[in-house]
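All values below come from the heavy atoms of this structure, side chains included, with hydrogens, waters and symmetry mates left out. Here is the naming used below: chain letters follow the sequence lines, and residue numbers restart at 1 for every chain.
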There are 2 protein chains.
Amino acid sequence: MQPARRITLTDDVYAAVRALIMDHDVQPGARINIDALARRLAVSPTPVREALARLESDGLVSKKPLVGYTATPLLTRAEFEELVEMRLILEPAAAARVAAAGLDGAELAGLRAEADLPGPEGAAAVAAFTAQDARFHHTLAGLSGNRMLHDAVVRLRAHLHLFRLHFPAAHYGVSAREHHRIVDAVAAGDPAAASAAMRDHLTAARDRHLPFFESR
Amino acid sequence: MQPARRITLTDDVYAAVRALIMDHDVQPGARINIDALARRLAVSPTPVREALARLESDGLVSKKPLVGYTATPLLTRAEFEELVEMRLILEPAAAARVAAAGLDGAELAGLRAEADLPGPEGAAAVAAFTAQDARFHHTLAGLSGNRMLHDAVVRLRAHLHLFRLHFPAAHYGVSAREHHRIVDAVAAGDPAAASAAMRDHLTAARDRHLPFFESR
DNA sequence: CGATCAAAGATCCTATAGGATCCCTCGCCA
DNA sequence: TGGCGAGGGATCCTATAGGATCTTTGATCG
């Protein structure tokens, strides 16, 4: 772990702690000791405290007064269903809006490039896959032109760190094809088709993830 | 202003600062001096810093490194349109889900009670109206059973402190009737009607608010 | 008279120290 | 042997002080 340094320590600490949680360097449900974390990052407890306060707003940690912070436990099956439901509300609407508004050549090319997903090769395959998948969904939400919609999609995404460990190989290839189907509908300027393609993608992804809960 | 005291100062400070902003005791766009705020609340700067970090996640203040915090400026017309668009995505979906799930007698009675809105009498009429309106929308979102959906609706609502000052009298009465139409559809277990009623309510409220931007 | 540069003031940012609270372990008792 | 209570340790929470940075004001030069 590198000592954090930039303009404001808080931002660095925030990013560092977020990464620790997302990569499961801090086990879900584990206590987070402020002093120990500060020593590990070679900073004082104050910016750590500030970063944790922000992370609590993101839902990645929770605070019990006079006891301490805790990394948020993994999503339960029910919470996962809620998350999917929420994405089904937001993301098809975003896709429809992008299709309705239309994209210029550069935007479309960029989106199409991000629709591709890395294969199952390489050491950090799962991390690379989820990171690229996140980029695609975030970019699409951003192109909706509605900043609040974009923020909401990004915020939800943080909870998917759940699947960093157990990850079904079935995702590779299929997800990329579904992404391209969404891009095609967007490129055609067909809001209904874009919305439907996104809905199908999300429900399919949900079904692919479900076995995870069986095995717990 | 009372000195803040409870279990954790941070929570109290958070609520206090939030109230300051919502009530326009701190003008939108104004700089927020951490030390001055700490003295005013009779606490040290540390919990103030922590509270401000949380408020930044809520979008009520923004931070410029090495410069300080600033109360978020009032929504522009474009941002207001984005907010409405976002509510149109979330809240009709929430209403439909509540209607589909059905409510027991107590829940329905509670919701119907909150649909009523205080009239234009009294000193703090605007504050009472908006507070009650918020309660209705929050309660409905909460009854959807989806916590993330509820949180998203509540989070958006914070940005409506915009209208604490200039408030059209046309809202009184009309809004309550629209609320009851939503409750009726929910009580009838008709998701499509509930969704439509909410959509109509939001678009009508949007139109009632629009003159505010003409007068700036 | 306007623009540029420098210095002073204010503010934020970080670190360290002390008080209060909670959790856990050990001993005692029924 | 199991339950209860007290003490110690750890941790959080708050406060204060010092260093770094930015903004602003004033003076100087063109």
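Residue A:T10 has a polar side-chain atom (N or O) positioned under 4.0 Å from OP1 or OP2 of C:dT14. Here A:S44 reaches the OP1 or OP2 of C:dA15: one of its side-chain N or O atoms lies under 4.0 Å away.
The side-chain heavy atoms of B:V183 and B:F136, taken from C-beta on, include a pair separated by under 4.5 Å. Side-chain contact between B:K63 and A:T10 is present, with at least one heavy-atom pair separated by less than 4.5 Å. For the pair A:L160/A:H209, no side-chain contact is recorded, criterion being any heavy-atom separation below 4.5 Å from C-beta on. Side-chain contact between B:E178 and B:I182: absent, with no pair of heavy atoms (C-beta onward) separated by less than 4.5 Å.
Note: B:H161 and B:H24 have perpendicular aromatic rings, judged against thresholds of 30 and 60 degrees for the angle between ring planes.
Per the geometry, CG belonging to A:L9 stands 17 Å off P belonging to D:dG19, to the nearest Å. Atom CG of B:D11 is separated from atom P of D:dC12 by 16 Å (rounded to the nearest Å). Summarising the geometry, the separation between NZ on A:K64 and C1' on D:dT11 is reported as 13 Å, rounded to the nearest angstrom.
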5' to 3', nucleotides 6-11 of chain C under a 4.0 Å protein heavy-atom cut-off (B base, S sugar-phosphate only, - none) gives -----S
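Judged purely by atom type and a 3.5 angstrom limit, A:S195 has no side-chain atom pairing as donor or acceptor with the backbone of A:P191.
Here the closest non-hydrogen pair linking B:Y69 and B:R49 is OH-O, 4.3 Å.
Looking at residues 47-63 of chain B, you'll see that no heavy atom sits under 4.0 Å from any atom of DNA chain D.
Between the side chains of B:S175 and B:R208, at least one donor-acceptor pair of N or O atoms lies under 3.5 Å.
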